[in-house]
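Below, read A as the first sequence line, B as the second, and so on, with proteins coming before strands; counting in each chain starts at 1.
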Number of protein chains: 2
Amino acid sequence: MSQTVDRALSILPLLAEGPADLGQVADRLGVHKSTALRLLRTLHEHGFVYRQQDQRYRLGARLFALAQEAVENLDVREIAHPHLVELNAQCGHTVHLAVYEEEEVLYIDKVESRYPVRMYSRIGKPVAITVAAVAKLLLADLSEPERRAIAEKLDYPMYTSRSVPNAGAFLKELAVVREQGWATDLGGHEESINCIGAPIRGADGRVVAAMSVSAPNVVVTAEELLTLLPLVRRTADTISREYSGTTQPKKA
Amino acid sequence: MSQTVDRALSILPLLAEGPADLGQVADRLGVHKSTALRLLRTLHEHGFVYRQQDQRYRLGARLFALAQEAVENLDVREIAHPHLVELNAQCGHTVHLAVYEEEEVLYIDKVESRYPVRMYSRIGKPVAITVAAVAKLLLADLSEPERRAIAEKLDYPMYTSRSVPNAGAFLKELAVVREQGWATDLGGHEESINCIGAPIRGADGRVVAAMSVSAPNVVVTAEELLTLLPLVRRTADTISREYSGTTQPKKA
DNA sequence: ATGGGTGTTGCGCATGATGCAACGAACAGA
DNA sequence: TCTGTTCGTTGCATCATGCGCAACACCCAT
């Protein structure tokens, strides 16, 4: 791995937190100012970094453009979106779509609840991987050795008393999810929020994405939420069919 | 500028065109395969590229996550403020900046008039949503069903005889604003105060904020205020450009 | 003037990025 | 099964390149 590139790339997440001046960047990278300057200049030439009048740097438009293309390459999102909206119209709760990539689970789409009480989640943000229903669905589809490898590597923060506590419990949960074809998170992330999810599969049967419906206790109980399971699974299946059925969007 | 970083960054736009294998990347970069491999590995470690099953590389979802985070931390106010001050210096009137959030329009910045007669408004305070120019601009950008939903939910207090009286009139007004790209409030909130506003847009063209200039009749007439429209729009556009990070000018 | 805070430049040194060549794995055809 | 091709990967010797330093330029306060 290349040291120079490594440093340059480390600048980007740092700037995502907010604008920073040369000194701050150099400090956080642990390099000399002149080094940071050279890196920033290179990033700047490629449009990944923008320099505002006060000379501070922030992320540039090019990055946003690339991100746009990156997400367009995830064509599940495009196909799924209208169905997520429709599901939200039917049940009123928050709907999420997530994918697994590089040992992380990321939300890539979200339709907000119609109820005033909303949950905090951010598309593009890594998911609480040990408890979220979508994470369980995505990991459950990995091969047994992969599942084990990841399960052992993870931390198991006890967000609540009902969070998955350790690798053993997690693997057991994944086995259940794998078997039954759907997943829940009953207060494992936030005490008062329940969640049910279903997998979206590609033509080869592999899970390519997962979706979930979340709602706080104060709106519906866990049991009531579970009555939505058939609807959620039906929606996921519809998306799966459309995703694997239609022509390949790949160009020659 | 750093050669290594330069090459690494050049890979990303290349991958945006579609997945590519090691050989293709090396060729297009004009470097040896081993070099390309090292660069790709570094990009991979940072999650900027993703390796699919067939070993080909494509852009990683991490890019999307990064951009998402950056957008959230982007502070319109910070960027807009100096421009608002300058506009105030040029015209002397009160300048407002507002955003739409959770079915409310909030003032988030204000530069006071240089004239002794000031208007009452407070940063952080909800705006008179049915009449203020900034509110019209922000709501006009919502989707048609959203606009209608909100219009129906609102109250239409008759602050003055020229206040917008009902949902129908409001929706009609929003259509006009949407079409012409600017908005006014001529005595709709307080009898003697007029106001013109323009939208500030993000990289995707969506309206992220709105700004306005307000002045009482006793200082300038409505017609005189309207002569400031080009200046206001120009300022808003400048802020939009800066906010979305569009900077070609390779500074000399 | 003076000092502390920036960002910028030129330079000599050695680190670290480079291309090569050899290797391994997967595949296809004979 | 063998043989040739085409991938990705690794170790290594070479030297280009990125490195930190120190000096400089600039802006603002005092």
Side-chain angles (χ1 to χ4, degrees), chain A residues 1-12 14-15 17-60 101-103 143 145-146 204 206 250 252, chain B residues 1-12 14-15 17-60 78-79 81-82 85-86 89 242 245 247 249-252:
Chain A
M1 94 170 160
S2 159
Q3 182 188 68
T4 319
V5 176
D6 185 46
R7 287 172 169 171
L9 295 181
S10 302
I11 291 177
L12 297 175
L14 191 155
L15 288 184
E17 296 170 18
D21 65 29
L22 179 61
Q24 294 171 323
V25 171
D27 281 353
R28 297 218 19 202
L29 277 189
V31 299
H32 195 268
K33 280 190 304 176
S34 59
T35 304
L37 180 66
R38 239 173 311 109
L39 297 176
L40 281 164
R41 276 225 252 262
T42 313
L43 289 168
H44 181 79
E45 260 168 42
H46 285 259
F48 286 92
V49 146
Y50 172 73
R51 195 155 203 195
Q52 27 190 62
Q53 292 76 342
D54 61 359
Q55 304 229 86
R56 291 193 305 164
Y57 294 92
R58 33 168 278 239
L59 295 183
E101 198 174 293
E102 309 285 336
E103 313 202 340
S143 72
E146 280 178 301
D204 54 0
R206 293 290 309 267
K250 297 284 157 226
Chain B
M1 93 171 159
S2 161
Q3 182 189 68
T4 319
V5 177
D6 186 45
R7 287 172 170 172
L9 295 181
S10 303
I11 291 177
L12 297 175
L14 190 156
L15 288 184
E17 298 169 16
D21 64 28
L22 178 62
Q24 294 171 321
V25 171
D27 281 353
R28 301 244 341 229
L29 276 189
V31 299
H32 194 268
K33 280 189 306 176
S34 61
T35 305
L37 179 66
R38 237 173 315 108
L39 297 176
L40 280 165
R41 275 225 252 263
T42 313
L43 288 167
H44 179 88
E45 260 168 42
H46 285 259
F48 287 96
V49 305
Y50 174 70
R51 194 153 201 197
Q52 30 191 40
Q53 295 83 333
D54 61 357
Q55 301 226 92
R56 293 194 305 167
Y57 295 92
R58 31 155 274 234
L59 295 182
E78 201 179 331
I79 291 172
H81 190 77
V85 170
E86 194 191 326
E242 188 176 334
T247 181
K250 185 138 154 213
K251 201 194 85 177

Check: protein-nucleotides 24-28 of chain D nitrogen or oxygen pairs below 3.5 Å:
none

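Scored by the side-chain hydrogen bond (donor to acceptor under 3.5 Å, both in side chains) test, B:Q55 finds no partners at all (sequence neighbours excluded). Here B:E86 pairs with B:Q90 under the side-chain hydrogen bond (donor to acceptor under 3.5 Å, both in side chains) rule; sequence neighbours left out. Taking the side chain to side chain contact (heavy atoms under 4.5 Å, CB included) definition, one finds that B:H44 meets it with A:E102, B:V49, B:R51, sequence neighbours left out.
Taking only side-chain nitrogens and oxygens, A:R7 never comes nearer than 4.0 Å to OP1 or OP2 of C:dG16. In this model, the phosphate group of C:dG16 is approached by a side-chain N or O of A:Q3 to a distance below 4.0 Å at OP1 or OP2. Not one side-chain nitrogen or oxygen of A:R41 sits closer than 4.0 Å to the OP1 or OP2 atom of D:dG18. Regarding contacts with the backbone of C:dA17, every side-chain N or O of B:T4 stays at 4.0 angstrom or more from both OP1 and OP2.
We find the CG-CZ distance between A:L59 and A:F48 to be 10.5 Å, quoted to the nearest 0.5 Å. The CZ atom of A:R41 sits 12.5 Å away from atom CG of A:L43, with the distance rounded to the nearest 0.5 Å. Of the inter-residue distances, the one linking B:Q52 atom CD with A:E101 atom CD reads 9.5 Å to the nearest 0.5 angstrom.
Looking at A:R58 and B:E242, no side-chain N of the basic residue comes within less than 4.0 Å of a carboxylate O on the acidic one, giving no salt bridge.
Rounded to an integer number of Å, the gap from A:H44 NE2 to C:dG7 P is 15 Å. To the nearest angstrom, C1' of C:dA17 lies 15 Å from CG of B:L40. Atom CE of A:M1 is separated from atom C1' of C:dG16 by 12 Å (rounded to the nearest Å). In this structure, A:L37 places its CG atom 16 Å from P of D:dC21, rounding to the nearest Å. In this structure, the CD atom of A:Q24 is 12 Å from the C1' atom of C:dT6, given to the nearest Å. For the pair B:D6 CG and C:dT18 P, the computed distance is 11 Å after rounding to whole Å. In this structure, CZ of B:R51 is placed 11 Å from C1' of D:dC7, rounded to the nearest angstrom.
With D:dG18, C:dT8, D:dG8 as the choices, the nucleotide that has an atom nearest any side-chain atom of A:R38 turns out to be D:dG18.
For the side-chain contact (heavy atoms from CB on, under 4.5 Å) test with B:D6, the passing option among A:T4, A:V5, A:T42 is A:T42; the others fail.
Defining each end axis of the helix from C:dA1-D:dT30 to C:dA30-D:dT1 as the rotation carrying four pairs' C1' atoms onto the next four, with five pairs an end, the two axes are found to diverge by 30° to 10 degrees.
B:S10 is listed as a side-chain neighbour of A:H46, based on a closest heavy-atom distance under 4.5 Å. Side-chain contact between A:I11 and A:Y57 is absent, with no heavy atoms from C-beta onward closer than 4.5 Å. With contacts defined as side-chain heavy-atom distances shorter than 4.5 Å, the pair B:D27/B:Q24 does not qualify. Side chains of B:L39 and B:L29 form a contact here, defined as non-hydrogen atoms less than 4.5 Å apart.
Residues from residues 25-33 of chain A that place a heavy atom under 4.0 Å from any atom of DNA chain C, listed by number: A:K33.
Between the base of D:dG18 and the side chain of B:S2 there is no donor-acceptor pair shorter than 3.5 Å. Judged by atom type and distance alone, A:S34 does not reach the base of D:dC19 through any side-chain donor-acceptor pair under 3.5 Å.
The nearest heavy atom of DNA chain C to B:L39 and to A:L22 marks one nucleotide each, and the one closer to the 5' end goes with A:L22.
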